[in-house]
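These notes are about the structure you will find just below.
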Amino acid sequence: MERAIAYLRVSTQGQERSGLGIEAQRAAIERFAAAESLLITAEYSEFETGKGVDALDRRPQLATALAAARRAKCSIVVSKLDRLSRDVAFVSGLMSQRVAFIVAEIGRDADPFMLHLYAALAEKERRLISERTTAALQAKKASGAKLGNPTNLCVAGSIGRIAQAQAADEFATNLMPVVQAIRNAGALTLSEIANALNGRGIRPARGSKWHRSSVRNLIARIK
């Protein structure tokens with residue numbers, strides 16, 4: 001069986017406290033490894049941003065994973081490309097480290113050129129979104145609209161509620177692989193699932209502990 005090393009990363013303190021980002025990535029990598037007959041021999045995880053020219057210096061676990069992969073002559077597996085970085089220059093630099101990277105979301109067929117291309121497209125998309133947002137605000141201001149007036153605050157509140165709902169949907173979607181793994185391990189009732197989530201140190205979107213009601217709401221949101 002081919003060996004590989006898993007690398008996991010979250011970039012916000014909120015994700016670090018909840019454990020959600022790491023747990024979701026781990027579940028995705030485990031599913032991918034099982035499907036592709038990969039043996040995960042080591043796991044490295046850290047809580048650090050992927051931005052900046054010195055990003056690799058501030059990510060010692062990635063540097064350690066690279067060294068371990070070179071010694072073992074094996075690949076590094078990540079759940080998504082942005083777990084390496086959202087910066088195309090950084091991703092390009094990683095491609096020259098003499099270590100093969102496998103992105104579970106993309107598949108094993110993606111060679112370094114394709115990974116570089118995916119990173120470039122993602123960076124371009126983010127830049128376009130930022131530019132469109134700035135242009136829209138400038139156009140609104142040029143038309144005489146006061147961006148801080150009560151009408152705009154109502155609109156902003158509506159947008160905020162939509163964003164909250166989308167964030168809650170994303171939270172539930174990312175967590176469901178973990179819930180399914182807990183079910184597969186024998187936890188069937190809402191109370192058992194809540195206890196298992198609490199035992200793993202995963203916090204709900206609101207509050208500090210899982211209860212039957214919060215697990216029920218989580219499952220209902222997915223359905």
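What's counted below: heavy atoms across the whole structure, side chains too, no hydrogens, waters or symmetry copies.
Taking CG from L62 and CD from E46, the interatomic distance works out to 6.0 Å, rounded to the nearest 0.5 Å. I219 contributes atom CD1, which lies 10.0 Å from atom OG of S214 (distance to the nearest 0.5 angstrom). The line from CZ of R59 to CG of L84 is 6.5 Å long, rounded to the nearest 0.5 Å. Atom CG of L190 and atom CG of N195 lie 11.0 Å apart (nearest 0.5 Å). Rounding to the nearest 0.5 Å places CD1 of I29 at 4.5 Å from CG of L8.
The salt bridge (Lys or Arg N to Asp or Glu O under 4.0 Å) check on E192 picks up nothing, with sequence neighbours excluded.
The shortest heavy-atom contact between I76 and A69 is CG1-CB, 3.8 Å. Heavy atoms only, all atoms of each residue included: R212 and A194 are closest at N-CB, 4.4 Å. Smallest separation of non-hydrogen atoms from V77 and A4: CG2-CB, 3.7 Å.
Here the options are L66, I106, L81, the test is side chain to side chain contact (heavy atoms under 4.5 Å, CB included), and the partner is F101; only L66 passes.
Side-chain contact between R108 and F32: present, with at least one pair of heavy atoms (C-beta onward) separated by less than 4.5 Å. Here the side chains of S75 and E2 are in contact, with some heavy-atom distance below 4.5 Å. Counting only heavy atoms from C-beta outward, the side chains of C74 and I5 approach each other to under 4.5 Å. By the 4.5 Å heavy-atom criterion applied to side chains, I193 and W210 are not counted as neighbours. By the 4.5 Å heavy-atom criterion applied to side chains, V179 and V215 are not counted as neighbours.
Of the possible polar contacts, none joining the R26 side chain to the V178 backbone as a donor-acceptor pair under 3.5 Å is found. Using a distance-only test at 3.5 Å, with no hydrogens or angles considered, a donor-acceptor pair links the side chain of R83 to the main chain of R9. Remark: the backbone N or O of P60 is paired with a side-chain donor or acceptor of T64 at under 3.5 angstrom.
Checking Y7 against Q25 by side-chain atom types alone, no donor-acceptor pair falls below 3.5 Å.
For R3, the CZ atom sits in a loose shell: 12 or fewer heavy atoms of surrounding residues, nucleotides or ligands are nearer than 6.0 Å.
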